[in-house]
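Following: one structure in structure tokens, then a few remarks.
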Amino acid sequence: MNDISPSPMVNYLVRFDILSRHMQEMDMKIGVMGTGMVGHALAGKLAALGHEVMMAAREADNPKARDWAKSTGQRSGTYAEAAAFAEVVVFAVNGSALLSAAESAGPALAGKVVIDVTNPLDTSRDGMPVLIPEMSNTTSAGEMLQASHPEARVVKALNTMNCAVMVDPGRVPGQHDVFLCGNDDAAKATVSTLLRSFGWAAPIDLGPIEAARGMESMMPFWLRLWQALGTADFNYRIAR
């Protein structure tokens, strides 16, 4: 029998598989920035999976965050407190307030995996919300977050669906897709593992953070679909 050594790619895949299985068994400290429907959905799911979660708001002793923490036995705090506490930070704020929320979180975002689930929508006009004009083609909220905090490891994910589907993909029958992008491969691996723990079988990596432009541009179309279908229980499926 020939003595054939495994290729570097095989060794990498084996190490990645071991890391992913280890992470699935490992509880993490996660800060969820935002107290709305999306923040509650994500914080509740993460807590149910066994993670230690802090729901955060701009001001101290926010009643929504405080009541959530009391009802779940978890924690609440400010953006800055959650950033200092967490290993992974999730921004689930209004997209137009993302950068100010990140500024409030402060330098503690450096080195952290930062998941951006926001969509930069202008809701001030009559009719359906639209993308904030300066983010409609040449940049994105995800890119601006990464540029404003260059030492954070920003990953865009979960912004292309309703928050109930984010944490329970089984609400939509059959196979459908979740996307992510970012510049840090290890951060994307962490986020992919979290997504799989939510029930997403095969997250699609779209590459660097610039791909957030396309992901965010899907939201105006999603809103039209919601209006046409009369339900938010739907999602995209990329047929191959």
Side-chain angles (χ1 to χ4, degrees), residues 28-43 46 51-66 68-69 74-124 129-159 163 166 180-184 186-188 190-191 194 208-213 215-217 219:
M28 291 188 289
K29 293 182 177 180
I30 302 178
V32 176
M33 313 299 207
T35 61
M37 291 176 59
V38 179
H40 271 78
L42 290 167
L46 291 164
H51 300 291
E52 192 174 348
V53 180
M54 179 182 289
M55 179 180 283
R58 190 178 300 277
E59 68 279 4
D61 202 32
N62 176 277
K64 290 183 179 180
R66 183 191 61 221
W68 178 85
Q74 296 281 347
R75 303 186 184 198
S76 64
T78 64
Y79 293 151
E81 289 169 339
F85 157 83
E87 300 164 89
V88 174
V89 175
V90 183
F91 278 99
V93 298
N94 186 299
S96 62
L98 173 62
L99 295 183
S100 63
E103 183 178 2
S104 295
L109 292 178
K112 305 288 177 69
V113 175
V114 176
I115 306 174
D116 171 24
V117 306
T118 70
N119 285 296
L121 295 174
D122 180 356
T123 59
S124 66
V130 297
L131 285 177
I132 294 172
E134 58 267 29
M135 298 187 187
S136 60
N137 188 32
T138 58
T139 189
S140 64
E143 288 171 88
M144 293 178 75
L145 177 60
Q146 182 64 86
S148 67
H149 289 76
E151 295 183 359
R153 302 156 67 200
V154 177
V155 178
K156 189 82 180 186
L158 290 172
N159 71 302
C163 61
M166 289 181 190
L180 71 155
C181 68
N183 297 337
D184 188 297
K188 288 192 287 188
T190 297
V191 176
L194 277 174
I209 194 62
E210 288 81 5
R213 298 178 197 181
M215 292 170 64
E216 293 172 12
S217 294
M219 184 45 56

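The basis for the numbers below is simple: all heavy atoms, side chains too, and nothing from hydrogens, waters or symmetry mates. Predicted, not measured: the structure shown is a model, and the values here were computed from it.
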Practice problem: Keeping the roles fixed (side chain from N119, backbone from G95), state whether a donor-acceptor pair exists under 3.5 Å. | Solution: no
Quiz item: Is E87 reaching over with its side chain to a backbone N or O of K29, donor-acceptor style, under 3.5 angstrom?
Solution: yes
Just verifying a value: how many Å separate [X] [atom1] and [Y] [atom2], rounded to the nearest 0.5 Å?
X	Y	atom1	atom2	answer
L46	M28	CG	CE	8.0 Å
S148	L109	OG	CG	8.5 Å
M215	E210	CE	CD	13.0 Å
L99	L145	CG	CG	6.5 Å
M54	T78	CE	OG1	8.0 Å

Quiz item: Salt bridge check: are R75 and E52 linked by an N-O gap of less than 4.0 Å?
Solution: yes
For the residue pair [X] and [Y], what are the closest heavy atoms and their distance?
X	Y	answer
L121	M219	CD1-CG, 3.8 Å
A65	T35	CB-CG2, 4.0 Å
L158	M166	O-CE, 3.0 Å
A105	A83	O-CB, 3.8 Å
A56	Y79	O-CE2, 3.6 Å
R213	E143	NE-OE2, 2.7 Å

Quiz prompt | E59 atom CD, over 12 foreign heavy atoms within 6.0 Å | solution = yes
[Y] and [X], any side-chain heavy atoms less than 4.5 Å apart:
X	Y	result
N183	K188	no
V154	H149	no
K156	T118	yes
I132	S96	yes
V32	W68	no
I30	L42	no
H51	V88	no
D116	E216	yes

Self-check item: Sequence-distant partners of R58, salt bridge (charged side-chain N to carboxylate O under 4.0 Å, His left out), two or more places apart
Solution: none
Quiz prompt | Derivation of the side chain to side chain contact (heavy atoms under 4.5 Å, CB included) call for Q74 and M55 | solution = CA-CA 8 Å; Q74 296 281 347; M55 179 180 283; over 6 Å; no
